[in-house]
Amino acid sequence: MEVVISVLVGALVAAAVYLMLSRDLLRFLLGLILISNAANLSIFVAGRLTTGAPPLIAEGQDFPADQVANALPQALVLTAIVIGFGLFAFTLVLTLKAYKRLGTLDTSEMRIAEPRDE
Amino acid sequence: MNSIILRAGARLLVAILLVFSVFMLLRGHNVPGGGFIGGLLGAVGFIVYAISCGTAEAREALRYPPENIALVGLGASLLSGLVSMVFGDDPFTGQWLFLGATEDDKGLPLSTVLIFDIGVYLVVMGAILALVFALEEEV
Amino acid sequence: MSWLLSLPILIPFAAAVISFLLKDGPGGRWASVIGSGAMLVSAIALMSSVLDQGVVAGQMGNWPASFGITLVADLLSAVMVLITAITGLAVAVYAMADVKPDIERLGYHALFQVLIAGVAGAFLTGDLFNLYVWFEVMLIASFGLLVMGGSKEQIDGGVKYVALNLISTILFMTGIGLLYAMTGTLNLADLARTVPTVENQGMVTVVAVMFMVAFGVKAAVFPLFFWLPAAYHTPAFATSAVFAGLLTKVGVYALIRMFTLVFVGDISFTHEILLWVACFTMVTGVLGAAAQNDFRKILSFHIVSQIGYMILGLALMTPLAILGAIFYLVHHIIVKANLFLVAGVANAIAGSTELKRIGGLYATAPILAVLFLVPAFSLAGFPPLSGFWAKFLLIRAALEEGAGFVAFVALAVGLFTIFSMTKIWAEAFWTPHPDGVEPRLSSLDRKTLWPLILPIAALAVLTCIIGLFPEPFVVFAERTADQLLNPAPYIAAVLGDGA
Amino acid sequence: MKSDAAHEAPAKAGQVLSGWLSVAIAAGLFAGFWQALGPVGGGEVLRWSRDWVPSAGISLSFLIDGLSLTFALLITGIGALVMLYSTKYLAGHPHFARFFLYLTLFMASMLGLVLADNLITLFVFWELTSITSYLLIGFTHTSAASRRSALQALLVTGAGGLALLAGMILLGDAAGTYELSEIRLMGDAIREHGLYLPILILFLIGAFTKSAQIPFHFWLPNAMAAPTPVSAYLHSATMVKAGVYLMARIHPTLAETDVWLWTLTIAGASTAVFASFMALKQTDLKQVLAYTTLMALGTLTLFLAADVGYAITAAMTFLIVHSLYKAALFLIAGIIDHETGTREVSKLGGLARFMPVTTAAAALAALSMAGFPPFLGFIGKELKYAGALAVQSEPFLVASAVLLANALMLAVAGVVAFKPFWRGQSATPMTPHEAPWRMLAGPVILAALGALLGIMPDLIAVPLVEPGVKAISNAELQPAELKLWAGVNLPLILSGITIAGGVALYLVHERLRDWLQSAGERAPSFDKGWDSLIDQFKAGAAWQTRVLQSGVMRRYVYTIFATLLIAVGGTLVWTGAFGGIPTVPFADLQMKHWAVVALIIAGAAVTTVTNSRIAAITGLGAVGIGVALIFIIFGAPDVAITQLLVETLVVVLFAVAALRLPLMKPEDGFPNRKLDALIATTIGLIVTAILVTVTDGPIDRRLSDFFESASWTEAFGRNIVNVILVDFRALDTFGEIAVVAVAGVAAWALLKGGKEASK
């Protein structure tokens with residue numbers, strides 16, 4: 001099953017990279033969201049997949065009864081999702097601000113910090 | 001958008017979401033949930049409120065500036081990590097107090113871990129609201 | 001011990017919270033300064049205990065190593081934290097006068113403290129995923145600081161900075177996942193032990209290269225450095241000083257840590273790449289600087305160039321080379337942060353950082369002239385300042401390895417560095433001001449002047465001390481290099497002696 | 001302005017003090033070194049050493065032998081006189097005190113250089129002289145020419161310095177020590193060492209740049225932009241001789257080979273001859289003197305090439321001779337400039353009437369320079385001829401070069417010290433009058449010394465020249481005797497020819513000058529070459545930077561991904577780590593799996609190709625939900641809930657923001673998109689290949705096993721993921737919420753900050 005997810009991750013990465021190579025900042029942002037998803041999935045799959053069984057300990061027991069899904073990558077992915085969200089939210093606001101202040105989302109027109117004549 | 005019914009409905013929804021978010025927060029240690037999910041739900045509640053009644057009113061309902069709430073939450077989590085210093089443990093070592101513990105039942109657990117998760121809750125709610133309110137007011 | 005290790009992280013966080021809540025008054029900036037002072041004390045305490053006891057490690061949450069998160073300080077971590085604290089205090093004081101009140105009200109000092117906390121966390125953690133977290137803490141704080149104020153230049157530079165750094169972040173994260181998939185652990189010491197047992201060593205090398213690219217972006221090496229010159233000249237001077245001093249160094253630190261501790265299986269391949277990267281970084285950076293006409297843009301490109309020297313030390317991987325890299329690392333943080341601070345004062349009294357639009361600082365602001373010359377000549381590697389020893393050690397390391405070409409590149413780049421530093425000197429200091437202004441320090445009021453000048457002077461004195469009395473620093477760097485090249489005590493300190 | 005005038009008075013008092021303090025320091029040091037004359041003359045070598053950087057083998061060790069004592073006395077003695085001179089020359093200058101600070105620092109650096117007995121310590125002072133001379137050449141900092149000259153000098157000597165550093169490190173490694181007094185005993189071993197040639201080349205680059213040998217000579221005449229006392233001190237008597245000093249100091253270690261002999265001979269001879277002609281070409285007094293300095297440096301190099309007693313003695317003697325007369329003449333040039341307002345030879349004449357003392361000093365110095373008996377210059381010249389005839393290379397060629405240079409020198413002496421004072425008076429910008437005593441003291445004393453020492457050469461022969469020769473050569477060389485009358489020999493005959501030729505040249509020098517100037521215009525100029533070198537360097541740098549740091553974000557992203565592709569993909573191929581194409585377990589795939597995969601791929605595809613914002617957002621939502629479903633299917637409810645909530649927020653925020661942003665433009669117009677697609681696909685394939693390989697086989701689950709066993713028993717939680725987050729790895733979570741908090745604050749500040757700024 002890992003193979004399927006790996007292929008999926010590859011597809012997401014390809015789509016994301018393509019978007020990030022665009023001159024349109026909005027597309028870059030779309031790519032960013034996709035590649036974050038891909039990265040999260042790759043950590044998830046790195047811990048190997050177990051169908052069903054969430055890592056919970058049933059009431060009255062000290063340990064999980066059966067083989068449960070690998071909990072550590074889940075925790076890592078959770079952290080990564082949240083961090084990714086924080087970064088994304090800021091980047092989105094920055095994009096908005098960039099459009100307001102610079103009047104464009106075409107990154108090749110964004111030449112204030114590094115003007116053309118230099 | 002300013003109809004009285006909608007506003008009343010929004011208030012009710014906010015109240016329900018807030019209660020639910022606290023519920024998610026508290027149960028998180030044992031079943032799916034936790035500070036992050038709770039905080040997100042709380043934020044969603046206020047966002048709904050802001051959309052229906054305007055950010056000014058939502059800010060008023062929140063009482064404190066959301067960015068301050070976020071930082072206070074960060075401070076709370078930090079403090080929960082520091083408590084263990086008093087007990088001579090490593091930083092972020094969970095300190096547990098079981099109210100009414102018996103042989104069979106651990107009783108009602110109070111812990112620094114819970115305070116930590118409350119901090120997470122506040123941070124998530126505060127930060128998202130700070131961003132969303134500012135974004136709404138930007139127009 | 002774990003407290004001593006965590007305080008340099010926790011103190012700035014506490015300072016950040018307090019500073020943010022007090023941001024509308026003067027309390028915000030004082031909280032930042034006091035927090036930085038307290039962090040410096042904790043960093044000194046940490047350093048002294050590392051000097052006494054060797055590598056110290058502590059477990060967060062009392063969970064044994066490789067299950068919980070380990071904080072660990074060897075000499076490298078301790079010195080990086082110490083230098084972070086010194087730079088942090090200097091910049092915190094400087095920011096009191098440099099940062100405008102309306103920006104302070106947006107929480108400038110709180111973000112600054114979070115940045116420092118993130119940097120300290122990155123230096124102290126012994127856990128790969130935790131390192132990622134600290135990178136992100138640092139990154140988001142730097143985002144906020146970079147665009148705070150919201151000028152067009154800042155936004156433009158910020159977009160590029162943010163975009164390129166996010167790519168690196170994603171790469172780093174993916175790399176962690178892959179390494180975890182192969183070893184089942186995240187603890188650095190544990191990784192050092194288990195990575196050699198991985199069956200598919202070729203894949204380890206592949207992942208190593210992936211980390212190299214991710215950290216390469218952070219460290220701003222060729223050909224991944226673009227975000228740095230695009231952005232470093234835009235924010236408040238205090239911001240650019242702390243960025244210039246610390247941020248790229250975290251990338252360098254991460255490279256040094258990973259490529260002396262974990263990825264040492266195929267040195268002939270990975271470190272050969274690093275050697276070429278180092279040469280190109282040195283050259284392209286210094287040429288970039290030569291093409292600039294702005295105080296801060298010149299300095300920004302020089303950061304890139306000098307990162308090359310540090311990578312060179314790592315690439316050569318001999319005791320002397322690592323020693324040189326560490327010496328360079330520490331020296332460069334002090335000197336480069338200081339130069340950016342000087343640029344701020346020049347801007348304050350002469351009106352710009354564009355060299356064509358300012359001048360006359362030599363005639364009427366001689367104290368500033370001296371305070372510029374010390375770090376500038378140190379950067380250019382003139383004796384007897386700190387930069388000379390850094391350069392000397394690295395060149396010697398290269399020549400002893402028979403890497404004559406590399407030594408030649410490093411020396412030639414040193415010459416071009418002189419060229420750039422004297423360009424700033426000639427145009428901002430010697431040439432008269434184009435508008436006939438006579439820039440004077442006395443034109444600043446006292447409440448502005450002292451916070452600006454004191455940190456600069458203190459860092460300049462530090463540069464001179466390292467330059468004039470290098471022996472203890474060289475001996476220290478030697479011990480540090482020894483620890484890095486013989487990581488057994490590090491691993492033992494983290495995992496226990498039985499490991 | 002009033003206030004300025006008010007605190008000028010005390011400042012002036014401070015200035016006067018700084019001037020006299022410097023003079024006192026120099027004079028005191030001179031007196032101190034004077035004490036060493038006795039012991040050194042008696043064959044002693046004084047050494048003082050203390051650890052500096054022992055772990056790198058660097059010590060602060062200093063040594064006084066004949067060579068370093070000669071230099072030390074010249075440095076401090078001439079230094080004191082120059083400083084005395086400057087107290088008057090620069091009186092009232094706004095940067096008077098800085099001038100004396102630099103000059104004193106320079107003197108200290110120069111002393112350190114000649115006294116150091118450790119290579120690296122020597123280098124430290126070597127570079128310090130470069131820095132201080134940079135500040136002094138650029139002293140008239142408002143003039144662009146000064147700044148250019150200062151930079152030129154710094155870069156040329158700096159480049160040499162870096163070569164020297166490399167040479168020193170190599171020598172240190174070859175010898176196993178940086179201590180010069182130990183290294184000098186290892187001459188034979190070093191000369192046979194594999195690194196001998198690189199060491200020699202690097203040392204000579206250092207020495208030649210500092211001592212302005214062809215082709216590194218051009219900075220020296222430009223350095224005359226400095227105030228005249230600086231030219232007198234640095235650029236004739238002391239700093240430029242640092243290279244000569246270095247060659248002398250390293251002579252026992254590196255000389256006695258053919259490479260050394262021929263390199264120095266050719267460089268020295270060509271510099272000497274070239275400089276003599278160039279000197280004749282100049283009309284500015286200081287320029288004339290600058291080129292004669294070059295000539296002297298060339299001659300000194302020429303004699304250090306050899307390893308015979310006469311040659312080395314000639315070098316030592318000429319070193320002293322030259323320092324004395326050249327400093328005197330420079331100071332006199334300064335007097336003329338100061339008192340008449342010009343330094344143009346053609347505008348000067350008949351000054352003897354107004355300035356008799358200056359005239360006398362000039363005459364004495366010039367006679368020494370021209371090599372007339374009974375001046376020290378004569379002895380120097382005789383020794384030069386004797387030395388030239390004794391060299392191992394080509395005595396005839398060397399002697400011819402020396403002869404030509406000497407004859408030209410004589411003519412130049414006439415130009416600088418005869419013409420301005422005697423021939424018909426011409427109008428000068430200021431009415432000339434005699435200089436004050438502080439400015440006269442230097443030239444008079446130095447010029448008189450030239451005469452005195454000529455009559456009594458033993459004064460320097462025993463304590464300085466003879467020990468100096470011994471210091472320069474480790475072979476048992478017999479220093480030649482210094483005497484005025486050595487009988488009628490070949491050198492004396494050559495002297496006669498020199499004088500005759502020199503006088504003849506002087507008589508035709510104006511025509512010769514015109515001819516040289518017109519020839520010079522056609523010849524390539526090093527100085528112009530320098531400018532074009534710098535311009536090319538700048539243009540190259542600008543070009544490189546435009547290419548790399550283009551300012552276009554797309555190119556940056558492109559480069560990073562291309563680097564990733566090449567580095568990681570290349571390594572993957574290189575190491576052959578790819579585990580082979582895996583088998584897809586189609587049998588295990590259920591309907592729900594297919595559905596999720598299809599949902600995600602469709603969502604990603606829509607997002608990628610669409611030009612509609614709504615479609616893109618919908619696509620994103622589909623991907624997000626699909627990923628959440630994967631988390632649910634594989635037992636990660638917490639992650640799934642979080643993913644769903646976050647994804648909802650992402651989509652909402654994106655929608656809110658996107659509505660305020662412009663429409664996405666179709667991208668069909670960009671031909672590059674095909675290449676982009678190729679890069680993107682390849683990176684995707686690489687990621688898949690790596691992931692498939694690393695997830696092949698089971699994972700080491702010891703971490704998770706521990707968490708499973710400890711979660712409830714030790715951390716009192718049944719949700720293992722949550723326990724990891726808030727307890728086992730609480731620090732991660734703490735960092736994570738810090739990111740969220742700061743992201744919120746930063747975004748808030750960005751939105752609010754702009755508002756305040758726009759108000």
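In what follows, every chain begins at residue 1, and chains take the letters A, B, ... in the order their sequences are listed. It should be emphasised that the depicted structure is a prediction, and the values quoted were computed from it without experimental measurement.
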TODO: Return the set of residues passing side chain to side chain contact (heavy atoms under 4.5 Å, CB included) with D:L649 (not counting sequence neighbours), or none when no residue passes.
DONE: A:F85, B:L40, B:I47, B:I128
Open item on the list: Can you list the residues of residues 602-609 of chain D that sit under 4.5 Å from chain A, counting heavy atoms only?
Closed with: D:A604, D:T607, D:T608
Open item on the list: Counting heavy-atom pairs under 4.5 Å with chain A, which one of D:V597, D:I699, D:T642 comes out on top?
Closed with: D:I699
Task: Flag, side chain of D:T695 to backbone of A:A46, donor-acceptor distance under 3.5 Å - done: no
Task: Toward chain D: residues of residues 32-42 of chain A with heavy atoms under 4.5 Å - done: A:I33, A:L34, A:N37, A:L41, A:S42
Task: When D:G635, D:G684, D:A743, D:A710 are compared by non-hydrogen pairs under 4.5 Å with chain A, the top option - done: D:G635
TODO: Look up atom CG in D:D732 and atom CG in A:L76, then write down how far apart they are to the nearest 0.5 Å.
DONE: 7.0 Å
Open item on the list: Taking side chain to side chain contact (heavy atoms under 4.5 Å, CB included) as the definition, give me every residue that meets it alongside D:V651, ordered by chain and number, with sequence neighbours left out.
Closed with: D:I617, D:E647
Task: Heavy-atom closest contact (D:Q643 atom, A:I81 atom, distance) - done: OE1-CD1, 3.5 Å
Open item on the list: Among D:I724, D:I679, D:I632, D:T681, which residue has the highest count of heavy-atom pairs closer than 4.5 Å to chain A?
Closed with: D:I724
TODO: Nearest 0.5 Å please: distance from the CZ atom of D:R554 over to the CG atom of A:D24.
DONE: 12.0 Å
- [ ] Measure distances from D:Y556 to the heavy atoms of chain A and classify the residue's part below 4.5 Å as side chain, backbone, both or neither.
- [x] side chain
Open item on the list: Looking at chain D, which one of A:G86, A:A53, A:P64 has the largest number of heavy-atom pairs inside 4.5 Å, strictly under?
Closed with: A:P64
Open item on the list: Shorter than 4.5 Å, heavy atoms on both sides: which option in D:V687, D:V552, D:L725 has the most such pairs with chain A?
Closed with: D:L725
